[in-house]
Each structure stands twice: as C-alpha cells, then as structure tokens.
Amino acid sequence: MTDLTVSQTPTAQKLLHEMLFIRLVEETIAARYAEQEMRCPIHLSVGQEAAAVGVCQALRPADRVFSTHRCHAHYLAKGGDLRPMLAEIYGKAAGCIGGRGGSMHLTDPEKGMIASVPIVASSIPLAVGSALADRIDGADRVSVAFFGDASVEEGVFHESANFASLNKLPVLFVCENNLYSVYTPLAQRQPARPLAEVVSGHAMKVLSADGNDVEAVLRASLEAAEHARSGKGPVFLVFNTYRWREHCGPNFDNQLGYRTEAEYLEWRARDPIECLKSKLASSGDLDERDLQKTQEEMQREIDDAFEFARAAPLPDPSQASQFVYA
Amino acid sequence: MTDLTVSQTPTAQKLLHEMLFIRLVEETIAARYAEQEMRCPIHLSVGQEAAAVGVCQALRPADRVFSTHRCHAHYLAKGGDLRPMLAEIYGKAAGCIGGRGGSMHLTDPEKGMIASVPIVASSIPLAVGSALADRIDGADRVSVAFFGDASVEEGVFHESANFASLNKLPVLFVCENNLYSVYTPLAQRQPARPLAEVVSGHAMKVLSADGNDVEAVLRASLEAAEHARSGKGPVFLVFNTYRWREHCGPNFDNQLGYRTEAEYLEWRARDPIECLKSKLASSGDLDERDLQKTQEEMQREIDDAFEFARAAPLPDPSQASQFVYA
Amino acid sequence: MSTAISELRTISTGDAIREGLTEVAIKNPSVIFFAEGVADPSSVYGTIAGLSKHIGKERIIEMPVAENALTGVAIGAAMVGKRPVLSFHRVEFALLAMEQIVNNAAKAHYISRGRHRVPLVIRLVVGRGWGQGPEHSQSLETMFALVPGLKVVMPTYPRDAKGMAVAAVEDDNPVIMIEHRWCHYARGQVPSGYYAEALDGPRAVHEGKDLTIVSSSYMTLEAVRAAEQLEKLGYSATVFDLRVVRPLILDRVFASVARTGRLMTVDTGFRKFGIGAEIVSETVVNCYDALKAAPVRIGLPDHPTPSSRGLIPGIYPDAARILREAGTELCVDQDRIEAAVAELEVQRKGLPIDVPDPFFKGPF
Amino acid sequence: MSTAISELRTISTGDAIREGLTEVAIKNPSVIFFAEGVADPSSVYGTIAGLSKHIGKERIIEMPVAENALTGVAIGAAMVGKRPVLSFHRVEFALLAMEQIVNNAAKAHYISRGRHRVPLVIRLVVGRGWGQGPEHSQSLETMFALVPGLKVVMPTYPRDAKGMAVAAVEDDNPVIMIEHRWCHYARGQVPSGYYAEALDGPRAVHEGKDLTIVSSSYMTLEAVRAAEQLEKLGYSATVFDLRVVRPLILDRVFASVARTGRLMTVDTGFRKFGIGAEIVSETVVNCYDALKAAPVRIGLPDHPTPSSRGLIPGIYPDAARILREAGTELCVDQDRIEAAVAELEVQRKGLPIDVPDPFFKGPF
Ligand SMILES: Cc1ncc(C[n+]2csc(CCOP(=O)(O)OP(=O)(O)O)c2C)c(N)n1
Ligand SMILES: Cc1ncc(C[n+]2csc(CCOP(=O)(O)OP(=O)(O)O)c2C)c(N)n1
Ligand SMILES: [Mg+2]
Ligand SMILES: [Mg+2]
C-alpha cells in the first residue's frame, strides 16, 4: 500500500457507521415489507454489510460500481442517496430510476453506482467495459463488479476475467461468497476447491479476507484497488460471508431445512457489526452512548425517508413509454 | 495404467498408419480443392494428426467423440468411413449426412463420431451430456470433446468443465493447442500462463503431452481415459501442435505475416509422422519399402474414394425439407 | 385421451404440470430433470417438487447457474437417448442458451439427416407482476417460434397443461414450453393419472359466430372472459387457445374466420413482431374473401415492462381491452361496451394491477 | 447529405462500409472497434481493415472468442462514453450474446430513465453460399427486431451502406447492423468523405404503380431485377429497400400500397415469423380498403439451410421467384412470365447456385 491510500483509510468508526446505516435501512425494509407497499422482489444483504462497506471505503468517488439483484448495500456503501433508493423500491416517480426497476436495479451514476442488473453475472462484463474505457482514456479509475458465489458458474464471468487479465484492466472482481445460490449450497454447484481458486486459470491476482471483518475487507480492497489502479491488472477478491434472511424476501427461512440452524447461528455470532463493536470496545474506542445516539439519528433519517417514499406519488403510466430510445 | 488398457495399446506401426492415412486424405483434399467441386469451407488438420490419432487410439469403439469445424482427423481417427466423408465434403447424397453439413459437420454415429459442430466450443457441453447419460445408466464409456485453443475462451467451456468436475463425469476435454485462432495468436487472446492451467479453477485433472508425439499423446490419453472411466472424473488434456496450412482452405498462408516462416519451419521439422518414422527407423522397426507399399495402397483407396465422391449424385432438392422434425 | 378411470380434481395449472411431469417420469425411465434448485424447497414454483419420491435421485440433476452449458448438456444427453426436462425460472435465462437452442437443439436432427433426435423439453416461465421489472417479465415466444426444428407450446388451462407437459416429454423433438406464471395459479378440473394432450394446434375454448379470437397462454383467460361479457351484449366470439406456436397450424382458425369474417389476436408478448403478425398474415391470405374488416392485433406495447405498478396500467392486455377492441371491430355501441367493462372492473373487486385475477378458477 | 465536394467512385458495399466506419472513427475519438481478428490480414472481410493507419491501436480491440462477455464489455464501455463497433463474422455468433443484447444493450437507457445511453453498433454478417451450412447462414433479423430499445438496420447498396454505417455509429442507441455477405460484393457509386444516411425507414429504389414490393438487404437486389423484367412486360412495381427493420416505419409503404393496392414482401430470413409478417399485418390494417389482393410474403422455407448446392435450389428467393409471384399477383400471362424468367437465367450465364450474381454491379 502506498502512503496515498493509507492517508485515505477511513476510521473504524466510519466503517461501523456505514455498516450500521445499511443494516438499519434493510431491517426497516424487512419490517415494513409485509405492508405490501414495496411491491417488487427484494434481496437483503443483512449479515453481508462488511463486504459492501469494506470495498467501497477503499474506492474513490469517481470509481465505478456494478452490482446484482442484491444491490442495496452496494448502493448505500458507494454513497447512493437513501430517498431515491426507497422511492425506487416503493415504485415511485421519485425513485432513482423512476420506479422502472425496483429493488434489483439500484442506480446512482453521480455517486458511481452505475448499474445493478438482476441477471446473474450479467453486469460483470459491464464493469470490464468501463475499465477498458478508462484504460483507453488513461483515466485513473477503478471499476468494481460485485457478485455472488453463483456468478462464477456463469461462462460470462470467465470470459470477462480472461479479457480483463489479458488487457490488465483496472477491475476488481468482488465475490461475496455467502455459500448459497437461492437454496442451493456451493457443494451442489461447484467442485470442491477454495472459491478463490476459480480464477487460477486466468493469471489474475487473488486476495481473500474474512468477509465479516470489515477492516480485513478494507485492507484487501485497498491493496487490490492500488494494484488495479497502477496498471498491474485486475484482482479477484473473495469474501466469505452469510446472508441471514431468505434469498428473496424479508423473512428468516431456516425452517425450510436447506441450511442448518447451527450454521446460521455460527454466522450470526460473527455479525460484522457486533464484531467491530467488540473490537472497538476491547480497545476502549467504543462510546456506547454516542453510538446509541448516532443509531437513533440514523433511524430517524431512515424513517423519514420511508415516509417520503411511501407518500410519494406513483409515476404516471404515460411515462412507461418514455426513454425507449435516446 | 491398468493391464487392461495396456493390453489394448496399439503398435507404433498402427499409429503411423493412422496418421499417414489422415495426412494423405487431407493432402488430397488440398490438392483437389481448387477444382471447386468441394464447395464448402474446409479446415485441415495437416500437422496435427498425432493428437487425433493418439487420443482415438486410447478409446474403445463405444466411446463417443464430439468435434469442431476442424473434424476430418477426428472422424477418421475414430474409424469414420472415408467415402461418406468425402461425399459429404463434395455435397453429395452419399455424404455421411447427405450433404447437409459439409466438411465442418462430419458425423458417423455407428463409429462413435457423434457430432461435429462448427460453432466454437458449442459441442463441448454435448460431450458432457453424453457422459452424464452414461453415468446415469452406469455405462462404461468415455465421451471426448475435441476443441482448439480458442474454445477455452468461450464461457461454455468453463461452465461445462465446472459441471463435469462437480459430477465427476467421464469426459475427456481435449485441447489441441495450435497456437492460433484463425490469424490471432494466443498471446492476443489469453493472458500469459500455460494453457494447461486454464482449468485450474475447476479442480480437474490435467495432463499435457507433446502434441506432435503420437505415443506421448496416446500415453496421456490412456491414462486420462482410465481415470475418467473409473469414475474419478474428467480430465483436461492439452496437446501443443501446429496447423501447417491456412485456417480455412487448402493453401499455405505464411506469406500473410501473421506468423513467421521460422515458426512454421520449426514446427514442420517436428512433423508427427516423420518424428515417429525416425524413431522407428532408429530402433530398426521401420520397413521403408513396406511403408511405401502401404502408402501407395492407401493413396489408391483414397483416390477411389475421391472418384466415388466426385461422381456421386447430388442430393435431390426435395430432400432439403426433410428431417426438420422427428 | 382416456379419462374413463381417472378421477377429476380441481387443481392449479402449476400443480397439473407437476403431475404431468411426474407421471411421464415414472412411466419413462429416460426422463431426467435439470433445474437450478431442482430439489430445493421451491423446486421451480413447485412444478417439479417431490420427484425424488418417484424416481431416482440420479435423474434429478442440479444445474449450476450456467444456462448455456447446461442446455448443451441436456441436448447431448438427449442425443444419446435421454429425455431431459430443463426448467428455467424465467424466459430471460434462456437468452444465455440461445446458441445451444438454435443451433444444436433445433438442428441436430436436421443436420444429421435424422440420425440424431433431441427429445428435450425446455420450460420457460414468463414472470409478471409484483414489480418483476424488464429483465424478469419478457415473453419472447417469437424468438423461439422463428426457429425451424423447435416446437413451441404455451399451455393455459390445468387439464391441457398436464397433458401437454406429458406430450412435450413424449415428443421426439426439442419442445420449448412457455408457461405464464399467472397461468400457474389458474385452477380447473384435471384428471388424475397418465394422459397426453396432442400438440396439434389451437383449440376452440369458447364458441361464437361474430368474431374469431386467437389468444395464447394467460391471454386466453382474459379473452374468454371478454367473450363472455360480449355474449351478454348479444355478440359472440370463438376463442382459440393457441397452445402450439410452432409448428403453427391454423386450419381451424381459417375455418372459423371463414364463418366470422373477423380476426383478433392477443399475445402475451410484444405486439410488434409478435405471434399475431404471423397469424394475421396467414389468415389474410387464406380468408381474403371472407374477411369483413381488418384483423386486430393486441399485445404488449413497444417498450420494456417496468417494475412499478404505477407504470403498468395500459401495458398488459386484459378482458377490458379485448372487449373494447371487439366492440370497435363489431361496431357495438360504445356505451354498452363501457358498461360491460365496468362490470369486469367490479368483478375484479379492486385488486391491485400486479396480481392475477382470482376470477381464473375453473372448473374450465 | 452533402456530396458537393465529394468524389464518386464505384466500390463494393463491403468497401463502402469500411470507408464509413473509418471516416466516423477519424471524426469521433470515442469510436472503438472490437472483433475477433480485429487487425488480422482479413479484418472481417476487409470491412475494418487498415484502421490503425487512422486511429490509435488502443481503439482497436482484439476479442477473444467470447462473444457474450465482449458484447457486455462493449455495452459497459458505451455506457461510460465510448462508441463501440462490434463486428461478428456471422449472425449466429450473436446468439451467444443475446442476454447482453436483449437485457443490457436494449434496456440500459430505459431502465436508467435515460441516464445511460448505449451508442453501440453490433455488425452481424449473414453467411450465404459455398456450403456454409445451417449454423453459418442464418439471417435471424426477427430475433433482434422483436426487442424494443434496439435499432436494427440492413443496408444493401454501397452508397447507402456507407452512410448508414456512419449513422449507426452516430446514433445514441444500440444498432444491430445485419449485413448480407452477398451485398458486400455488390458494387456501386459511393461518395468519398464523411456523410451519414439517416436511419429513417424504407426507401423506394424503383418506382412503379401496379405492385409494392418491400424487400431487405440482398433481396432488394433481386427484387429490383425482377421489377425491371416486369417492366418489359408492361407492369411496374415500386420496390422499397427496407433498410431499417426497427423502428419499423411503414408510412411510405402505406402510401405506396394505397396507390398500387398490392403488397409483396421479400425476406432474407425465414418467411415464417419473418419481417414480412409484421409488414403485411400493419399494411392490411392501414390500407384495408385499398388492397386489391391478399399480400404475398416471400422468404426462406421452414427448415435450416443445408450445405450442399444440390439442396439449395428453391431455398433462397430470387428474381425469378419474385417475378413469378408478381405475375400471379398481377394476373400476368404465365408464358410471358416464364419467358422473362428465362431471360434472367440467361443473364446469370450458368453460374453455380452458391455464388452471387455478377449482375449486382452499380452504378446504383
Ligand atoms: C442468468 C440467471 N440465472 C438464474 C437467475 C435466478 N437467480 C437469481 S439470484 C440467484 C442466486 C445467485 O446466487 P449468488 O450469485 O450466490 O448471489 P446471492 O443471491 O447469494 O447474493 C439466481 C440463481 C438469474 N437471475 N439469472
Ligand atoms: C462462437 C464462434 N465464434 C467465432 C467463430 C469463428 N471461428 C471459426 S474457427 C475459429 C478459430 C477457432 O480457433 P481454435 O479453437 O483454436 O481452433 P483451430 O481453428 O485453431 O483448430 C473461429 C474464431 C465460430 N465459428 N464460432
Ligand atoms: Mg450466494
Ligand atoms: Mg487454434
């Protein structure tokens, strides 16, 4: 790591707040989903916040992020605005894309949240294309593709990895390995080998870190961003983590039996937020009352945003035929 | 290698004859292509015969082969009949598929030459499907996908490799690395790493051998077939070799400058047929006159087959609408 | 179809498809299943749930998220004797597998001069409602219908869907079975046990003499409903459930238009370049002298389908739209049509636009 | 289009496309090129040869054989400001990239509520002749035409092709440019220098009053030839070169059919579910009262295109078939039509069926 990146390193406090905010937003979505006002599929990242925050805190504002169906955390971590996000999920005109896409399409180009695409692995080559454009222009920017462990099963991932590696493009391929694709565990989808090895054939730098340790994620991401930015080529980042709630929807679903309660509890005990809090506490850096206050402020902001989104008008049907062609 | 496979090992003589026959057939195609009677694209394997022969001699008749646009050698090596092959290339009714596909589609299901598909990498999953069917049925068979070095750039290759490895299917993935995709060298298409490593991410056994040394190819293929057949999973085989003539068509094209004459000459000096002949000669196992006689017999058979194919009737246009639906 | 000994129960189209697939899998040991989450608690909306109670686990194959290769794997297995049933949760996922579908599945029989057969079923589900958004709600049947060598079927009713699922698996050709998610919910009487419904073209599901409506999949439910309202106004329409998009067999439609002189098509997919275009073009030629007015095509407008329910009104054809178009075609007094439309609205009981109509319960 | 200062030369459509792409690349530094063998001795049949003499090498990007990702890469680059031109040697290779094309290229503008643009050109070449076989000769324009958000163009003549190539690159939308290999060979007069030809719909390339023919790509060359023969028999046809399949703008066709009362469509692709179906359906509605006979659609038959020249007769529409169909439509004496067809045969000078007609030389 160069001094430059070190000097930008966010504080643990900042990391904690970022994660907490995302957690509170998603828990509020979960709590209010049953009102049937957010009428679109939702994929929550509760439990996986460290990956989104650790990576995005290693990025610069001009860096570009591409995401998937599970994009809430990435959107917020990259600085996306909350109100347009919630309005989008509520299908309102004030949504970040006017209600056209809902939860799976969160976009905020000004903040570098370029696109979320709900087709598995489909946004990966878009990130590579962004990086290619930057290489041609000599731009000092990194493009990031966030994706899940199932994405690496799609051919387009390997095609993208080959091309990015061949051309030493400034891309971070960030795999949030939460061990499942919907209800299907890794072992039923991929042969036994560490997920980090999936790109071994593409001569690409690989970095792994505990996906529930936001500081570890940050360190790996800083190193990766520095590597990519300096023209040394793409990096594949693997962060093992866990989705607490059901694949799609607001509930817990361990009762279905596709994963064990014990596994869930083990991961739950490794809550990235609680882990960081403990760490801060043990080094005496946690002001519980301050955090409590911050959390309450956050919740107020969030509740306000929900109220805004809920009350906002639906888009006019006449808008549906707009923006088909530029 | 088990005794069983050793007992099936063909003699060097046999390997030589197989390669020679393929060479003579293809050289005759090249010589007669300018007559404009073979009116379809042709992709010759001249220079690459050792791979086709070495692999297919490690197979049993019931094993199944799937190939690509460059399928002549595989078809013949797997025991495909010459007359229907040439008739197919001549577009005749007596062609192995009635003139429907031409040179890029050679098929002889009775001989285990199941399909040749001219879309890069497209037949790879077909081979995996065949192996899956065998695994379900408990059949003692190996399925082989032949492909070129560009095929591994296609996502479908990686998807197929992942699935075959996951399910330990009896498939041989045979990559004939002739260093080029049409005019484009490997280094412009894939990052620098040995091609054998391309499947490292799929936890698959890999075997490489000198693709111009038919005995080395055979040894690797026997080991691979034994591995796959015994339920240990697929094997990726890499054979470096070289295409002497142009990518598509009968001519030499080094004058175009996409590869150097020196490179060509270096590979030409490693002619798989001459190499084996020298080896046999040095061990005193080559009867030059006998070989000369065999070659003349082969050429007569080949010339007869060309005459048959040339003179055979074209299919009737009314046949074009048949076999759309079973 | 012999239903003599079979019992009739009221079940959903989704359940009927599961029954059909289960029956054919029990009967024919070559049938194998592929899906993402093939044996998970949902098992493609329950349509392939519980198979392992009937057939061996080795015939139920989990797909990695790799649609292109797995389609090719299924084709390869089919070429050597299996009868794979591949289920995709959305039509869109098949876009990744178009090369395998268009080149290998559709052409293996042709290119091999009949040596190979590809008895493969690819099930594609049309997502609609609850904010699916543009990449999870496309119908796209034209893309498959364009390709000689494929069969394309779109079952609607539970009884038919079960029999067509069986027939699709029994067919020696690759069959693309496009299932509308909202059809899955429609309920009707279905015989128990094994039976097939021939993939033999459109079937009249409502008889009439003033107008011929050819609709497919979920749109047939809407069309029949419109036809019923129309009857109250003293006009009658024959409604054909298209069922089979390829091969497109239109003789029954021609015969009907020869009587009615009027044709309307209703697509679940885009109107432009939709199935209706082919039906109209063929009918115009075959019934030129019988036609009393220009045929009408209804389908989705020329833009993607957005997520928000605020943007949906006007996008999906429904009984009201069909009724209005029929009214125009038949020169029915507009006030009477609007009154009939209002009745439809009342029947919907204020349900939001993004959920299916509970009206679509059998017995059909 | 200003050609005042530009010189006219007779060149082929293939060369004209190269000129157009080169001109627009010189003018606009955002233009980048992707192809397999992008800088090889052939460079997509010469259509993108020699670019590095004009623009930097970093704008000429070699594609690994990975059509899906590279299409996505081009879309991503387009979203952030580049104007990629992707060239595929065959239409079929794009089947691997359908997901990227249909979901990302076509919908990025829509889904982002206009925030993103995808100024991307995807060039697809229709292979025909010399035994290409079923996976190297498909036209498949309907597949792309079905998708809102895409533009689909099919240039025919050299002058138009150059200008359309420029316009396609200048367009802020994803444009699928389908080029028929046999059009590449057609020669005609082409201005030098930079100019664009608007992607504004069909253009009449031959005027007449008895019949309206709408043909696309290579079929326009055949249709014009048929129209010329027809004229010798005392009948005249307006031939429209369709040029733009999506958005499909048919006003000029309607106006023509309003005069002629007769419509014929000629597709390079499959007749069934082909472009002609949409054109006929729309025209029937718009010109219902003007129509004097049922429209005629011509296109490829309902099976794959085999390799052998023995199997080809009757598959590809040609001037003779168009002439015969026109004769039937116009009730021309059959002997006279056959005489005209025989004349066409003579002009072909016994050339084999699998090579293009040397007749298609300009000046157009
Ligand atoms: C091409 C494609 N296939 C299947 C799906 C259905 N699908 C949606 S999310 C998902 C699971 C993806 O798992 P993973 O990549 O691990 O991400 P996670 O949901 O665990 O975050 C699947 C299979 C899809 N959206 N796109
Ligand atoms: C999907 C696809 N893309 C591109 C092509 C065009 N093409 C035909 S052969 C070939 C080269 C393949 O190279 P390789 O796999 O190394 O095989 P080789 O020709 O060297 O034997 C290419 C790119 C194709 N047939 N299919
Ligand atoms: Mg996952
Ligand atoms: Mg090669």
Side-chain angles (χ1 to χ4, degrees), chain C residues 67-68 92-104 106-107 110-111 133-135 138 140-149 245-248 265 269-270 272-282 284-289 291 293-297 300-304 306-307, chain D residues 67-68 92-104 106-107 110-111 113 133-135 138 140-143 145-149 245-248 265 269-270 272-282 284-289 291 293-297 300-304 306-307:
Chain C
E67 291 79 3
N68 194 20
E92 282 88 347
F93 304 163
L95 291 171
L96 287 158
M98 289 307 281
E99 197 282 310
Q100 288 295 330
I101 294 171
V102 174
N103 287 334
N104 287 338
K107 299 188 192 8
Y110 186 84
I111 192 75
E135 299 93 357
Q138 294 164 90
L140 303 181
E141 54 276 13
T142 303
M143 278 202 190
F144 304 97
L146 180 69
V147 184
V245 184
R246 167 171 276 278
L248 188 66
T265 63
F270 296 121
K272 209 163 268 180
F273 297 103
I275 300 304
E278 182 66 30
I279 296 173
V280 164
S281 298
E282 288 296 275
V284 166
V285 173
N286 278 276
C287 307
Y288 191 71
D289 295 325
L291 274 184
V296 178
R297 290 188 294 146
L300 265 63
D302 207 27
H303 60 74
S307 171
Chain D
E67 289 80 2
N68 194 22
E92 283 87 347
F93 305 163
L95 291 171
L96 287 159
M98 289 307 281
E99 197 282 310
Q100 288 295 330
I101 295 171
V102 174
N103 287 333
N104 288 338
K107 300 189 194 1
Y110 186 84
I111 193 75
R113 212 172 173 283
E135 299 92 357
Q138 295 164 90
L140 302 181
E141 53 276 15
T142 303
M143 277 201 193
L146 180 69
V147 183
V245 185
R246 168 171 275 278
L248 188 66
T265 64
F270 296 120
K272 207 161 269 182
F273 297 102
I275 300 303
E278 182 66 28
I279 297 173
V280 163
S281 298
E282 287 296 276
V284 166
V285 173
N286 278 276
C287 307
Y288 191 72
D289 295 325
L291 275 184
V296 178
R297 290 188 294 147
L300 266 61
D302 206 29
H303 61 75
S307 171

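None of these values were measured; they are calculated from a predicted model. Naming: A, B, ... by sequence-line order, numbering from 1 per chain.
- Ranking C/V284, C/L140, C/V280, C/L146 against chain D, the residue ahead of the rest is C/L146, based on heavy-atom pairs under 4.5 Å.
- The shortest side-chain heavy-atom distance between D/K272 and D/L300 does not fall under the 4.5 Å cut-off.
- For C/D302, the parts sitting under 4.5 Å from any heavy atom of chain D are the backbone and the side chain alike.
- Under the 4.5 Å side-chain criterion, counting only non-hydrogen atoms from C-beta, C/M143 is in contact with C/L95.
- Both the backbone and the side chain of C/L96 come within less than 4.5 Å of a heavy atom in chain D.
- Listed options C/T142, C/N286, C/N104 were ranked by heavy-atom pairs under 4.5 angstrom with chain D; first place goes to C/T142.
- Proximity to chain D is absent for every atom of C/I101, based on heavy atoms less than 4.5 angstrom apart.
- Between C/R246 and C/F144, every side-chain heavy-atom pair lies at or beyond the 4.5 Å cut-off.
- Listed options D/E278, D/R297, D/E99 were ranked by heavy-atom pairs under 4.5 angstrom with chain C; first place goes to D/E278.
- For the pair C/L291 and D/Y288, the minimum side-chain heavy-atom distance is below 4.5 Å.
- Comparing D/S307, D/P247, D/A293, D/A94 by how many heavy-atom pairs each has under 4.5 Å with chain C, the most go to D/A293.
- Of the possible donor and acceptor atoms, none in the side chain of D/K107 sits under 3.5 Å from a partner among the backbone N and O of C/P304.
- Residues C/Y110 and C/P148 are not in side-chain contact: their nearest non-hydrogen atoms beyond the backbone lie 4.5 Å or more apart.
- When D/Q138, D/E92, D/E67 are compared by the number of non-hydrogen pairs under 4.5 Å with chain C, D/Q138 comes out ahead.
- Nearest heavy-atom pair across D/V147 and D/A106 is CG1-CB, 3.6 Å.
- With a 4.5 Å cut-off on non-hydrogen atoms, C/I279 does not touch chain D at all.
- Both the backbone and the side chain of D/N103 have a heavy atom closer than 4.5 Å to some heavy atom of chain C.
- Counting only distance, with no hydrogens or angles, the side chain of D/E141 and the backbone of D/G269 share a donor-acceptor pair below 3.5 Å.
- With a 4.5 Å cut-off on non-hydrogen atoms, C/F273 touches chain D through its backbone and its side chain both.
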